[in-house]
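Naming convention: chains lettered A, B, ... in sequence-line order (proteins, then strands); numbering from 1 in each chain.
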Protein chains: 2
Amino acid sequence: MTRERSIPEAALPRLALYLRVLGELTENGAERVSSDELASATGVNSAKLRKDLSYIGSNGTRGVGYEIAPLMHALEGTLGLTQNRSVALVGIGNLGHALVGYSGFAERGFRISALFDVDPDLVGIPIGGIVVEHTRRIPEVCPERGVTIGVVATPGQAAQGACDLLVDAGVRCILNFAPVVLQVPSEVDVRKVDLAVELQILSFHASQHGPGTLPRVVNR
Amino acid sequence: MTRERSIPEAALPRLALYLRVLGELTENGAERVSSDELASATGVNSAKLRKDLSYIGSNGTRGVGYEIAPLMHALEGTLGLTQNRSVALVGIGNLGHALVGYSGFAERGFRISALFDVDPDLVGIPIGGIVVEHTRRIPEVCPERGVTIGVVATPGQAAQGACDLLVDAGVRCILNFAPVVLQVPSEVDVRKVDLAVELQILSFHASQHGPGTLPRVVNR
DNA sequence: AGCCGCATGTGAACGCAGGCACAAAATAGC
DNA sequence: GCTATTTTGTGCCTGCGTTCACATGCGGCT
Ligand SMILES: NC(=O)c1ccc[n+]([C@@H]2O[C@H](COP(=O)([O-])OP(=O)(O)OC[C@H]3O[C@@H](n4cnc5c(N)ncnc54)[C@H](O)[C@@H]3O)[C@@H](O)[C@H]2O)c1
Ligand SMILES: NC(=O)c1ccc[n+]([C@@H]2O[C@H](COP(=O)([O-])OP(=O)(O)OC[C@H]3O[C@@H](n4cnc5c(N)ncnc54)[C@H](O)[C@@H]3O)[C@@H](O)[C@H]2O)c1
């Protein structure tokens, strides 16, 4: 097995993107694709795309292109999607409910298998087919259900505590929606999604675009 | 006014992070902060932090540190947060509802001022105090309400259409939650939040961490 | 008033990522 | 079987971002 030790971090989101677009192409009946086609469908430079694919082994045929099915398989293998990933969600509020109801996770092989909250009105009732457990049961329930990834969607001040419990439970990958910087041991990987930050970056660009950009009516 | 033309793109999320943490420090009664303190609170290298702050002008005092209040003001000015930003949200489903109810936007000066959907059960009823309009009214309503930023939270196949309407309405900044690559004119700035991609990146790291990482029960 | 210590601001080196352009390989056609 | 065509795979260069290390400048102390 060629365990390539060096896939650039910057390539990972693109690999996931290729995988999704390839899935769409398959639905349209395609079996092969060239790097130029896939590049324009994903908005990625074709040379960069080929280099990305080369990180996971040479799956293409020169003069022809890439066979979609094995390429998708290789991508799934690289991203670790062959083993169904089990996800625990902590904090079943507005955002948590939306995440539970989101079909996009299951489609990519992620199964939400445990829900946690501290609200007595929530604990014990099923949401999306899964009974909400009390947060204190994280260290017990997560190993039972083979949880690999933890999602933190609690209010900010509760996030570090939730994170600590997940880490205690052996979870080494955490996706954090709370607007706090989580402190974790070095072996734990945290990714943060901060929507306010996204808006602030857009706001910066809005300021730059037109210096006096106040939204003006489109002339038609 | 020193309009520094060159703030690295990579620094922007950090600037937003500094701003939030400085706000927390203010709540705790702090008035000054050193680059080392702020660096450890944000998890950023202190030299990088100082360089980031230098992009928006020299707000520090050597031997002392940074005065928090003026620094926050400078950050807000740079990020364009002094003018209250008006946000339109298209697609009021599970995710859309969560976004409407999210207080974190208002806290940072973003006001959701228009909601759009095509569902006849939604159009006309108020959600979070704002009446949902039909999507076709985007080009009319957005300029009226001074919308600067559009958020797309429709299903994938509707996202491009929603995006086009926003662009027609003069919106130049778009935050996209749908799992599609939006096509926009070059003057429009799109940021994408794809939760499935985040999970896939975590999944990759989980595969790398322990080669045979199947979640094992914590020994206690 | 002058000196000392301390934190900022930044020059310079390094490393990573992106993109061009071409060589290598495989197929199709003659 | 040989050549032409097409598309992959990649070497090399360029530019950006990060980090180190230190000079700079300011406040406090005597
Ligand atoms: N709603 C959004 O659109 C949105 C967007 C971006 C970020 N966020 C962030 O996501 C987090 C959740 O947002 P929300 O809108 O769902 O908030 P919410 O208040 O609706 O839900 C929070 C949930 O967490 C639970 N909770 C509280 N303390 C807990 C603890 N110690 N352990 C476990 N669960 C606990 C609460 O019972 C509640 O169910 C917040 O940090 C918020 O800043 C939300
Ligand atoms: N729910 C989540 O946690 C989550 C997470 C990540 C990404 N997403 C993405 O966000 C988007 C919305 O997710 P959701 O769970 O809210 O879906 P949803 O089905 O609950 O809501 C979609 C909403 O969009 C509306 N809509 C449909 N066509 C429209 C159109 N042409 N114009 C305007 N509105 C239209 C529908 O009426 C509905 O209200 C999807 O693309 C989804 O992939 C959702």
Side-chain angles (χ1 to χ4, degrees), chain A residues 2 4-18 22 25 30-72 74-75 78 197 201 204-205 208, chain B residues 2 4-18 21-22 25 30-72 74-75 78 181 186 201 204-205 208:
Chain A
T2 53
E4 297 291 343
R5 272 286 156 217
S6 57
I7 296 182
E9 188 69 22
L12 294 177
R14 293 194 298 269
L15 294 182
L17 175 61
Y18 306 150
L22 287 170
L25 291 175
E31 293 180 2
R32 272 199 298 268
V33 70
S34 73
S35 64
D36 274 341
E37 288 166 346
L38 189 53
S40 71
T42 53
V44 173
N45 179 293
S46 72
K48 181 161 47 169
L49 185 147
R50 288 196 295 275
K51 196 166 282 186
D52 286 345
L53 295 185
S54 77
Y55 295 134
I56 63 173
S58 296
N59 296 82
T61 307
R62 294 173 189 228
V64 177
Y66 297 86
E67 206 84 18
I68 291 182
L71 181 56
M72 287 181 68
L75 283 167
T78 302
V197 168
I201 293 171
F204 169 80
H205 287 133
Q208 300 295 95
Chain B
T2 53
E4 298 291 344
R5 272 289 155 215
S6 56
I7 297 183
E9 188 69 23
L12 294 178
R14 293 194 297 269
L15 294 183
L17 175 61
Y18 305 151
V21 172
L22 287 171
L25 291 175
E31 294 180 3
R32 272 199 299 269
V33 69
S34 74
S35 65
D36 274 341
E37 287 166 346
L38 189 53
S40 71
T42 54
V44 173
N45 178 296
S46 73
K48 180 160 48 169
L49 185 146
R50 287 196 297 274
K51 193 161 281 189
D52 286 345
L53 296 185
S54 77
Y55 295 135
I56 63 173
S58 295
N59 297 82
T61 307
R62 293 173 191 231
V64 176
Y66 298 87
E67 205 83 18
I68 291 181
L71 181 56
M72 287 182 69
L75 282 168
T78 302
V181 181
S186 63
I201 293 171
F204 169 81
H205 287 134
Q208 300 296 96

Student: If the condition is side chain to side chain contact (heavy atoms under 4.5 Å, CB included), which residues does A:Pro13 pass it with, not counting sequence neighbours?
Tutor: B:Val197, B:Ile201
Student: Would you say that more than 12 heavy atoms from the other residues, nucleotides or ligands in this model lie under 6.0 Å from the CZ of A:Arg32, or not?
Tutor: no
Student: Return a single string for nucleotides 3-12 of chain C, one symbol per nucleotide in 5' to 3' order, where B is base contact, S is sugar-phosphate-only contact and - is none, cutoff 4.0 angstrom on heavy atoms.
Tutor: ---BBBBBBB
Student: Please name all residues satisfying side chain to side chain donor-acceptor pair (under 3.5 Å) with A:Tyr18, sequence neighbours left out, ordered by chain then number.
Tutor: A:Asp52
Student: Applying a 4.0 Å non-hydrogen cut-off, can you work out what B:Arg32 is touching in the nucleic acid: base, sugar-phosphate, or nothing?
Tutor: nothing
Student: Write down the distance between NZ (A:Lys48) and C1' (C:dG19), rounded to a whole number of angstrom.
Tutor: 9 Å
Student: In chain order, what residues pass the side chain to side chain contact (heavy atoms under 4.5 Å, CB included) check against B:Val181, with sequence neighbours excluded?
Tutor: A:Leu17, A:Arg20, B:Gln183
Student: Restricting to side chain to side chain contact (heavy atoms under 4.5 Å, CB included), what partner residues turn up for A:Ala30, sequence neighbours left out?
Tutor: A:Leu25, A:Ile68
Student: Using the test side chain to side chain contact (heavy atoms under 4.5 Å, CB included), find all partners of A:Pro70 that sit at least two apart in sequence or belong to another chain.
Tutor: A:Glu67
Student: With heavy atoms of chain B within less than 4.0 Å as the criterion, where does contact along DNA chain D begin and end?
Tutor: D:dG17 to D:dG27
Student: Roughly how many Å is it from CD in B:Glu9 to P in C:dA17, rounded to a whole number?
Tutor: 17 Å
Student: Rounded to the nearest 0.5 Å, how far apart are CG of B:Leu38 and CG of B:Leu49?
Tutor: 4.5 Å
Student: Using rotation axes that map the C1' atoms of four end pairs onto the next four (five pairs an end), what angle separates the end axes of the helix from C:dA1-D:dT30 to C:dC30-D:dG1, to 10°?
Tutor: 0°
Student: With sequence neighbours left out, what residues match B:Asp36 under side chain to side chain donor-acceptor pair (under 3.5 Å)?
Tutor: B:Ser46
Student: Could you work out, with side chain to side chain donor-acceptor pair (under 3.5 Å) as the rule, every residue matching A:Asn45, not counting sequence neighbours?
Tutor: none
Student: Can you name the side chain to side chain donor-acceptor pair (under 3.5 Å) partners of B:Thr42, sequence neighbours left out?
Tutor: none
